[in-house]
Each structure stands twice: as C-alpha cells, then as structure tokens.
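What follows is a single structure, written as structure tokens, with notes after it.
To find a chain, count down the sequence lines: A is the first, B the second, and so on, and within it residues start at 1.
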Number of protein chains: 2
Amino acid sequence: MPKQKETAPSQVVAFNARIEGINYDILEELTGYAVRRAQLSIYADFTASLGVYDITPQRFSSLVIVCNNPGISQTRLAEVMGIARSNVVAIIDNFEQAGLLERQGSGDRRSYMLHLTKEGQRQLEKYKQAVKEHDDRVSQHLTMKERQQLRALLGKLCMEPK
Amino acid sequence: MPKQKETAPSQVVAFNARIEGINYDILEELTGYAVRRAQLSIYADFTASLGVYDITPQRFSSLVIVCNNPGISQTRLAEVMGIARSNVVAIIDNFEQAGLLERQGSGDRRSYMLHLTKEGQRQLEKYKQAVKEHDDRVSQHLTMKERQQLRALLGKLCMEPK
DNA sequence: TATTGTTATACTCTATAACTATA
DNA sequence: TATAGTTATAGAGTATAACAATA
C-alpha cells in the first residue's frame with residue numbers, strides 16, 4: 001500500500017478505527033457504526049488503488065452487472081444497484097462516450113438493452129484484476145473462511161422480519 | 001418497520017442483496033461489495049428511523065464523541081471521525097445554532113473546546129434510544145455472539161500489513 | 001394509465017486549497 | 001513556520017419531481 005505523496009501531507013488523516021484516549025461510548029457496540037467505519041476505509045483504499053483508472057465502486061459494479069447480464073435495461077440496472085433510475089443515465093452516458101458500453105434498441109422502443117463493447121470487456125478485465133488485488137489487500141488479515149463468514153453475516157443484516 | 005407512504009411509491013426500490021435472475025459474477029466474492037451493500041441498507045434504515053429528528057449517522061457520531069470527550073477540539077474531532085477539518089465546521093455550527101453544543105474558549109486562542117449543553121445531553125439520550133432500536137432491528141437476525149463476531153471481523157479490515 | 005429514459009434540481013458527504021488569527 | 005478554524009469550491013452519490021415518447 002504505497003503512499004503516493006510523502007512530501008505533501010493532506011489535511012485529512014487516514015481513518016483509524018480507534019484513536020487512543022477517545023471514549024467511543026455506545027458507538028463501540030453498534031453494528032451500523034462498525035459497518036460504516038469499514039466501508040469508509042475500504043472506499044478510501046479502492047479509490048487509492050484504482051485512481052489510475054476512471055472507476056469507482058459504483059461504476060465498477062455497473063460494468064460487472066451489464067457484462068454478466070447483457071441486454072439489461074437501465075431501470076432494471078437501477079433496481080439491481082439500489083439507486084434511482086435517473087442516476088443511471090449519467091453512468092451509462094459516461095461509459096458510452098468512452099466506448100465501453102452501448103445502448104441497443106429493444107423491442108420496446110421506450111427502453112434500451114445495455115451491453116459492453118469488446119473494448120469494454122477488455123477494460124473490465126483489467127479493472128477486475130485491480131479490484132481483486134484491492135479486495136485481497138483490504139481483507140489480508142482474514143482467512144478465506146473468515147471472509148466467507150463475514151460476507152454471510154453481512155448478508156443477514158437488514159432482512160425483513162417475516 | 002412501518003412503511004410510511006403506501007400510496008405514493010417512490011422511484012427508488014429498496015436495496016436487495018440479491019435479485020433473482022441476475023448474475024453478480026465477481027461481486028459475490030468481494031468483501032468490499034458486501035460491506036457497501038450492507039452499509040447502504042443500514043443507512044436507509046437509519047434515516048427512515050431517525051427522520052423525525054434532524055440527525056444522520058455522521059451527526060449522531062459527532063454528538064456521542066463530543067458528549068463523551070468534552071473539551072475536544074474541532075481538529076481532533078475531525079481526526080476521530082476520519083473527515084476533513086473543514087467539514088466539521090458546518091456540523092458544529094448546526095448543533096450550536098440548535099443549542100445542543102457550545103464552542104468554549106481554550107487556553108490556545110486558535111482553538112475551541114467543544115461540549116454539549118444540558119439540552120444537547122437531553123436530546124442525545126433520545127437519539128441514542130432511537131439508534132439502539134434501529135441497530136437492533138437491523139441486526140435482528142444475528143445472535144449477540146454473531147454481532148460481536150461481525151464487529152470483530154470488520155475491525156480486522158484495512159489494517160496495515162505490519 | 002403506466003412505464004422508460006431523461007432533465008432539472010437539491011442535499012449529504014467527502015475532498016483540496018487558501019485565508020486569518022494565533023502560536 | 002506551523003496550527004486551528006474557516007471559507008470557497010468541487011465532485012461523488014444519493015434523492016424527488018416532472019416531462020416526452022411509447023406501451
């Protein structure tokens with residue numbers, strides 16, 4: 001995890017889970033706080049690792065979903081990503097302008113079928129490699145079993161009571 | 001978890017971990033994706049639960065830290081929260097205007113000592129109660145042991161190699 | 001009437017840079 | 001010179017509302 005600029009320190013301090021001498025009170029016991037803290041750290045490492053490419057976690061997920069579900073519509077993609085339809089437009093515009101993705105006409109003339117171009121598929125493979133390395137670094141202190149366990153526990157959060 | 005408006009559906013669909021018929025490919029295996037997904041769900045439940053109060057996860061954390069570490073400076077608070085100093089200003093302004101928090105002069109005339117007012121402490125107790133309920137609901141499918149385990153695993157993420 | 005993509009708009013959270021008062 | 005708080009600004013990421021074209 002190379003620090004890029006040793007000489008020009010930013011005003012922002014790396015997020016530390018616990019700072020000595022600070023009383024965190026109830027925050028120590030909240031699942032939500034632990035998840036949020038972890039997410040911030042992971043996000044920071046992601047952007048630091050993939051800054052060379054013009055990609056973010058959200059944009060990466062979009063590419064993966066479109067690649068593996070070719071023909072998906074924008075509304076469906078929004079649903080999968082859990083965001084508003086309106087926000088998908090700019091994401092897709094961007095990829096289309098970069099030549100990574102195409103809007104293809106569908107039977108229904110209101111909607112498009114999205115799919116990656118050859119170039120998009122090629123780029124995505126590079127991104128995936130970098131993301132894997134990032135995810136491995138971030139999870140390096142967990143065994144494979146623990147990572148699986150972590151994903152399983154996270155998956156049980158926010159489920160409906162039923 | 002009461003749905004507030006049954007009649008006026010929003011354009012946004014609740015975030016679901018897995019949607020049937022969608023191939024998530026590598027996303028299934030990424031720690032970062034699982035954490036991000038969980039965080040989105042938790043954040044949504046937080047704002048739905050505490051919407052009545054003018055509070056967010058970030059603002060709540062600030063109050064807890066100041067309450068339990070009276071006299072803390074803005075820069076130190078920024079450090080603890082892992083955000084830029086400049087972003088603390090608006091947060092504190094807001095609480096001060098609402099009468100929940102005060103900037104007190106310190107020996108060093110460049111900095112303030114922050115502390116909650118009586119009203120701030122009273123309000124925070126209400127927030128804490130609501131946050132506990134929210135966190136319990138979100139974690140309801142995990143046993144106490146599993147919650148502890150989850151927090152421990154999350155705490156191991158993003159640690160330096162050493 | 002309902003749905004898809006779109007535009008406009010706004011708010012939160014994050015960041016950097018540069019200023020000022022002070023140390 | 002360095003630090004604390006501040007202002008200005010920008011860019012993600014989210015949201016809602018309303019519109020045109022189409023079903």
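- A search for ring pair (Phe, Tyr, Trp, His ring centres under 6.0 Å) contacts involving A:Y127 returns A:Y53, not counting sequence neighbours.
- Backbone-only contact: B:R103 has heavy atoms under 4.0 Å from sugar-phosphate atoms and none from a base.
- Taking a cutoff of 4.0 Å between a charged side-chain nitrogen and a carboxylate oxygen, B:E28 and B:R18 qualify as a salt bridge.
- The side chain of A:T56 contributes an N or O atom lying less than 4.0 Å from OP1 or OP2 of D:dG13.
- Atoms CD (A:Q39) and P (D:dG13) sit 11 Å apart, rounded to a whole Å.
- Contact annotation: B:Q74 does not reach the phosphate of D:dA4 (side-chain N/O to OP1 or OP2, under 4.0 Å).
- A:T117 and A:R122 form no side-chain donor-acceptor contact under 3.5 Å, judged by distance and modelled atom types alone.
- Per the geometry, CD1 belonging to A:I92 stands 15 Å off P belonging to C:dT4, to the nearest Å.
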Do any N or O atoms of the protein come closer than 3.5 Å to N or O atoms of nucleotides 7-10 of chain D, and which pairs are they?
none

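- Distance, B:L77 CG to C:dT14 P: 12 Å, rounded to whole Å.
- Between C:dC13 and B:Y43, a contact under 4.0 Å exists linking OP1 or OP2 to a side-chain N or O.
- Relative orientation of the B:Y24 and B:Y33 rings is tilted, given thresholds of 30° and 60° on the angle between their planes.
- Both the sub-6.0 Å distance and the 45° axial angle are not jointly satisfied by B:R36 relative to the ring of A:Y43.
- When rounded to the nearest whole Å, the span between CG of A:L40 and P of C:dT12 equals 18 Å.
- Of all nucleotides listed (C:dA15, D:dA15, C:dG5), C:dG5 comes nearest to the side chain of A:T75.
- Between the CD1 atom of B:I83 and the P atom of C:dT12 there is a distance of 14 Å, rounded to whole Å.
- When the side-chain hydrogen bond (donor to acceptor under 3.5 Å, both in side chains) test is applied to B:S111, the partners found at least two apart in sequence or on another chain are B:S106.
- Distance, A:F46 CZ to C:dT14 P: 18 Å, rounded to whole Å.
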Please table the atom pairs, donor to acceptor, closer than 3.5 Å between any side-chain atom in residues 66-74 of chain A and protein atoms at least two apart or in another chain.
| from | atom 1 | to | atom 2 | distance (Å) |
| --- | --- | --- | --- | --- |
| A:N68 | ND2 | A:V64 | O | 2.8 |
| A:N69 | OD1 | B:N23 | N | 2.8 |
| A:N69 | ND2 | A:I65 | O | 2.8 |
| A:N69 | ND2 | B:N23 | O | 2.8 |
| A:S73 | OG | A:R76 | N | 3.1 |
| A:Q74 | OE1 | A:R103 | NE | 2.9 |
| A:Q74 | OE1 | A:R103 | NH2 | 3.1 |

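- Between the P atom of D:dG5 and the CG atom of B:L101 lies a distance of 12 Å, rounded to the nearest Å.
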Please list each protein N or O that sits under 3.5 Å from an N or O in nucleotides 21-23 of chain D, with the distance.
| from | atom 1 | to | atom 2 | distance (Å) |
| --- | --- | --- | --- | --- |
| D:dT22 | OP1 | A:R109 | NH2 | 3.2 |
| D:dA23 | OP1 | A:R109 | N | 2.9 |

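- Sequence neighbours left out, the pairs with a member in residues 142-153 of chain B that pass salt bridge (charged side-chain N to carboxylate O under 4.0 Å, His left out) are A:K156-B:E146, B:D136-B:R147.
- Although no hydrogens or angles enter the test, the distance criterion places no donor-acceptor pair under 3.5 Å between the side chain of A:D135 and the main chain of B:L30.
- Rounded to an integer number of Å, the gap from CD1 of A:I72 to C1' of C:dG5 is 15 Å.
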